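Every number for a ligand or one of its atoms is a count from 1 in the order of the listing. Quick note: residue numbers are just sequence positions, from 1. What you see is a predicted model; the values in this text were computed from it and never measured.
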Amino acid sequence: MKNIVVLTGAGISAESGINTFRDSGGLWEGHRVEDVASPEGWHRNKQLVLDFYNLRRADVLKAQPNAAHIALVELAQYFNVDVITQNVDDLHERAGSKNVLHLHGEILKVRSQAGKQQVYEWRKDLNIGDTCELGSQLRPHIVWFGEAVPEIANAIRIVRKADICIVIGTSMVVYPAAGLIHEAPRTASIYFVNPDVNAVPQMPNLHVMAEKAASGVPMLVNQLIQDQC
Ligand code: APR
């Protein structure tokens with residue numbers, strides 16, 4: 001079976017009702033990114049950061065996978081599929097995808113601010129005073145700006161084995177995630193699904209679908225399955 005690597009960003013969850021990051025004038029739900037998604041922001045105002053992610057967590061719990069998440073599951077009947085997502089929601093998993101790597105963490109998990117060992121599943125609001133068993137304040141299990149991306153080495157290893165790469169709904173501006181596509185073998189076919197074609201990188205073997213994910217991804221999946229049969 002051929003290896004397909006799917007790289008997803010906020011755009012794949014947009015039609016599930018989860019807002020993207022960069023479609024609102026540099027602000028993220030009315031906040032400067034550095035206030036709510038950086039270690040400095042956390043040290044400055046923990047309550048603001050907790051309130052912000054509590055709302056994001058509630059949004060994710062209300063959302064449902066859309067036709068794009070679901071189509072990717074069908075692809076796994078015909079190909080070895082790995083999903084590498086920048087998203088912190090669990091919509092790929094809820095749709096039924098098995099191999100999902102979260103580059104930027106997961107909103108339904110929290111961890112100790114003292115270290116990365118104590119990670120817990122978390123579906124309710126997180127408050128000041130919620131601590132790990134060693135007594136340290138818990139924080140969202142999210143990779144913030146200025147922090148290392150622990151899963152990047154695994155992601156590079158996966159992309160280097162791709163026969164086909166599908167890039168869905170990312171503005172390709174946040175590194176190191178945006179550089180992953182350049183780790184694909186030169187022979188790999190690259191498919192890019194995004195209604196905004198300005199985000200498209202210049203690459204050989206590139207096929208651009210200027211479509212929203214919920215319509216473009218099922219079309220692409222059908223095409224790939226037919227080509228395979
Ligand atoms: N279908 C497909 N793509 C869409 C859709 C849709 N329905 N709606 C919007 N898009 C595209 C936009 O054109 C844009 O290119 O999704 C992209 C969203 O870009 P960003 O908001 O920048 O999201 P992303 O690329 O995932 O951001 C990367 O930045 O803030 C950080 O850590 C955060 O993981 C995030 C990272």
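For the pair Ala14 and ligand 1, the shortest N or O to N or O distance does not fall below 3.5 Å. Here's the thing with Ala10: one of its N/O atoms is less than 3.5 angstrom from an N/O atom of ligand 1. Between Val193 and ligand 1, no N or O atom pair is found at a separation short of 3.5 Å. Checking only distances, Asn194 does come within under 3.5 Å of ligand 1, N or O to N or O. Looking at ligand 1, you'll find an N or O of Gly169 within less than 3.5 Å of one of its N or O atoms. No N or O atom of Asn87 sits closer than 3.5 Å to an N or O atom of ligand 1. Geometrically, ligand 1 and Lys212 share no nitrogen or oxygen pair separated by less than 3.5 Å.
In the vicinity of Asp196, heavy-atom distances shorter than 4.0 Å reach the ligand 1 atoms 13 (O). Those atoms of ligand 1 that come under 4.0 Å of a heavy atom in Gly9, given as number and element, are 26 (O).
Ligand 1 is approached by Val174 to a heavy-atom distance shorter than 4.0 Å.
A 4.5 Å side-chain heavy-atom check between Met172 and Ile181 finds at least one atom pair inside the cut-off.
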Name every donor-acceptor pair, under 3.5 Å, that has one atom in a side chain of residues 5-19 and the other anywhere in the protein, sequence neighbours excluded.
| unit_1 | atom_1 | unit_2 | atom_2 | d |
| --- | --- | --- | --- | --- |
| Thr8 | OG1 | Thr85 | OG1 | 2.7 |
| Thr8 | OG1 | His92 | NE2 | 3.0 |
| Ser13 | OG | His69 | NE2 | 3.4 |
| Ser13 | OG | Asp89 | OD2 | 2.8 |
| Glu15 | OE1 | Ala213 | N | 3.3 |
| Glu15 | OE1 | Ala214 | N | 3.2 |
| Ser16 | OG | Gln64 | O | 2.7 |
| Ser16 | OG | Asn66 | N | 3.4 |
| Ser16 | OG | Asn66 | ND2 | 3.1 |
| Asn19 | ND2 | Glu29 | OE2 | 2.9 |

Side-chain donor/acceptor pairs under 3.5 Å, residues 188-206, sequence neighbours excluded:
| unit_1 | atom_1 | unit_2 | atom_2 | d |
| --- | --- | --- | --- | --- |
| Asn194 | OD1 | Asp196 | N | 2.9 |
| Asn194 | ND2 | Thr170 | O | 3.3 |
| Asp196 | OD1 | Asn198 | N | 2.9 |
| Asp196 | OD1 | Asn198 | ND2 | 3.2 |
| Asn205 | ND2 | Arg186 | O | 2.8 |
| Asn205 | ND2 | Ala188 | O | 3.3 |

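Between the side chains of Gln47 and Asp51, at least one donor-acceptor pair of N or O atoms lies under 3.5 Å. No hydrogens or angles considered: a donor-acceptor pair under 3.5 Å links the side chains of His102 and Glu93.
Closest heavy-atom approach to atom 28 (C) of ligand 1 among the candidates His102, Glu15, Gln86: Gln86.
Both the sub-6.0 Å distance and the 45° axial angle are satisfied by Arg56 relative to the ring of Phe52.
A side chain to side chain donor-acceptor pair (under 3.5 Å) with Arg111 is found for one member of Glu106, His141, Gln118 and no other, namely His141.
Hydrophobic clustering (side-chain heavy atoms under 4.5 Å, transitive across Ile, Leu, Val, Met, Phe, Trp, Tyr) keeps Leu103 apart from Val100.
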